[in-house]
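The figures here come from the full heavy-atom set of this structure, side chains too, leaving out hydrogens, waters and symmetry mates.
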Amino acid sequence: MMSDPELNPAAVEIGSFFPQPPDTVWHALTDPDLLEQWLLRSVGFAPAVGTHFIFSLPTRPPGEIACEVLTAEPATRLTFRWIDLRADYPARWIVDWTIHPQGRGTRLLLTQTGFDIEDRRQKMARNAMERGWKGTLSRLRELLDR
């Protein structure tokens, strides 16, 4: 897993290598049962452009993230709009997963954009999301290694 501070400071950009082929990584990104194991429980998710769905947050009180699939290119790219409905100041972020074959495995790049780092709250949210995504990608790695 790598994180490069030279990349866009207003985005979270994290690359990871997985020894599994792109189809396997795609399956982990798009199968609702697998998504729940490493990311969040989804309601209504399908890897099809225009699909609106919810990620349920296991918090007290429970939260929801409203999403819409913007791009769904099998074993290549998945992009969705992400809005935390419980936030006092909801932001609209774009979460993009780009899959590249690399040797016998896969290079996965996660990019989350839409942060206004001139706004203190947004800058704090960006930094918190970066830390959170690193842990999330570790859970994805554990799932894929099983």
Side-chain angles (χ1 to χ4, degrees), residues 1-20 22 25-102 105-145:
M1 194 176 328
M2 68 176 190
S3 179
D4 186 344
E6 297 301 314
L7 298 174
N8 180 354
V12 173
E13 299 174 290
I14 304 170
S16 235
F17 176 79
F18 297 93
Q20 295 80 10
V25 175
W26 174 258
H27 186 66
L29 291 176
T30 58
D31 179 284
D33 293 331
L34 296 178
L35 264 177
E36 185 171 358
Q37 292 178 46
W38 68 272
L39 182 56
L40 293 166
R41 185 172 68 82
S42 66
V43 177
F45 173 74
V49 173
T51 300
H52 291 265
F53 67 99
I54 297 287
F55 276 130
S56 297
L57 298 170
T59 57
R60 293 278 178 225
E64 293 182 330
I65 298 170
C67 300
E68 177 186 5
V69 177
L70 303 176
T71 307
E73 300 168 8
T76 303
R77 189 169 186 193
L78 178 66
T79 309
F80 47 85
R81 182 170 317 168
W82 172 298
I83 303 166
D84 185 346
L85 297 177
R86 69 186 175 155
D88 292 334
Y89 304 95
R92 296 176 187 276
W93 293 310
I94 303 295
V95 177
D96 181 73
W97 303 90
T98 306
I99 298 169
H100 297 283
Q102 185 174 346
T106 302
R107 173 68 52 190
L108 178 66
L109 176 63
L110 159 69
T111 306
Q112 183 176 3
T113 58
F115 298 97
D116 174 6
I117 60 170
E118 299 302 316
D119 179 287
R120 184 179 58 82
R121 278 190 290 270
Q122 283 287 306
K123 187 172 185 176
M124 289 172 46
R126 183 241 171 262
N127 294 339
M129 292 299 276
E130 182 174 41
R131 287 188 303 274
W133 282 122
K134 287 178 181 178
T136 299
L137 288 171
S138 292
R139 289 191 303 277
L140 174 59
R141 178 174 309 286
E142 291 168 8
L143 173 79
L144 290 169
D145 286 345

Looking at [X] and [Y], what are the two nearest heavy atoms and their distance?
| X | Y | result |
| --- | --- | --- |
| A72 | A48 | CB-N, 4.1 Å |
| I54 | L85 | CD1-CD1, 4.4 Å |
| I117 | P9 | CG2-O, 3.8 Å |
| G50 | E68 | CA-OE2, 4.1 Å |
| W26 | T76 | CE3-N, 4.2 Å |
| R107 | G15 | NH1-C, 4.2 Å |

Checking ring pair (Phe, Tyr, Trp, His ring centres under 6.0 Å) for the pair W133/W82: CA distance, chi angles, key distance, verdict? CA-CA 14 Å; W133 282 122; W82 172 298; 5.6 Å; yes

Calculate, to the nearest 0.5 Å, the distance between atoms [atom1] and [atom2] belonging to [X] and [Y] respectively.
| X | Y | atom1 | atom2 | value |
| --- | --- | --- | --- | --- |
| L34 | H27 | CG | NE2 | 4.5 Å |
| L57 | I65 | CG | CD1 | 4.0 Å |
| L143 | S138 | CG | OG | 12.5 Å |
| T30 | L78 | OG1 | CG | 7.5 Å |
| I14 | R131 | CD1 | CZ | 11.0 Å |
| Q112 | F80 | CD | CZ | 8.5 Å |

Answer whether the closest heavy-atom distance between the side chains of [X] and [Y] falls below 4.5 Å.
| X | Y | result |
| --- | --- | --- |
| T111 | T98 | no |
| P58 | L40 | yes |
| T106 | Q20 | no |
| F18 | D145 | no |
| L110 | T136 | no |

Quick one: do W93 and R126 satisfy side-chain contact (heavy atoms from CB on, under 4.5 Å)? Show the steps, please. CA-CA 10 Å; W93 293 310; R126 183 241 171 262; over 6 Å; no

Over 60° means perpendicular and under 30° means parallel, so tell me whether F55 and F53 are parallel, tilted or perpendicular. perpendicular

For residues 38-66, which residue pairs pass the side-chain hydrogen bond (donor to acceptor under 3.5 Å, both in side chains) check, not counting sequence neighbours? R41-S56, T59-R86

Residue R139 excluded, over 12 heavy atoms near CZ under 6.0 Å: yes

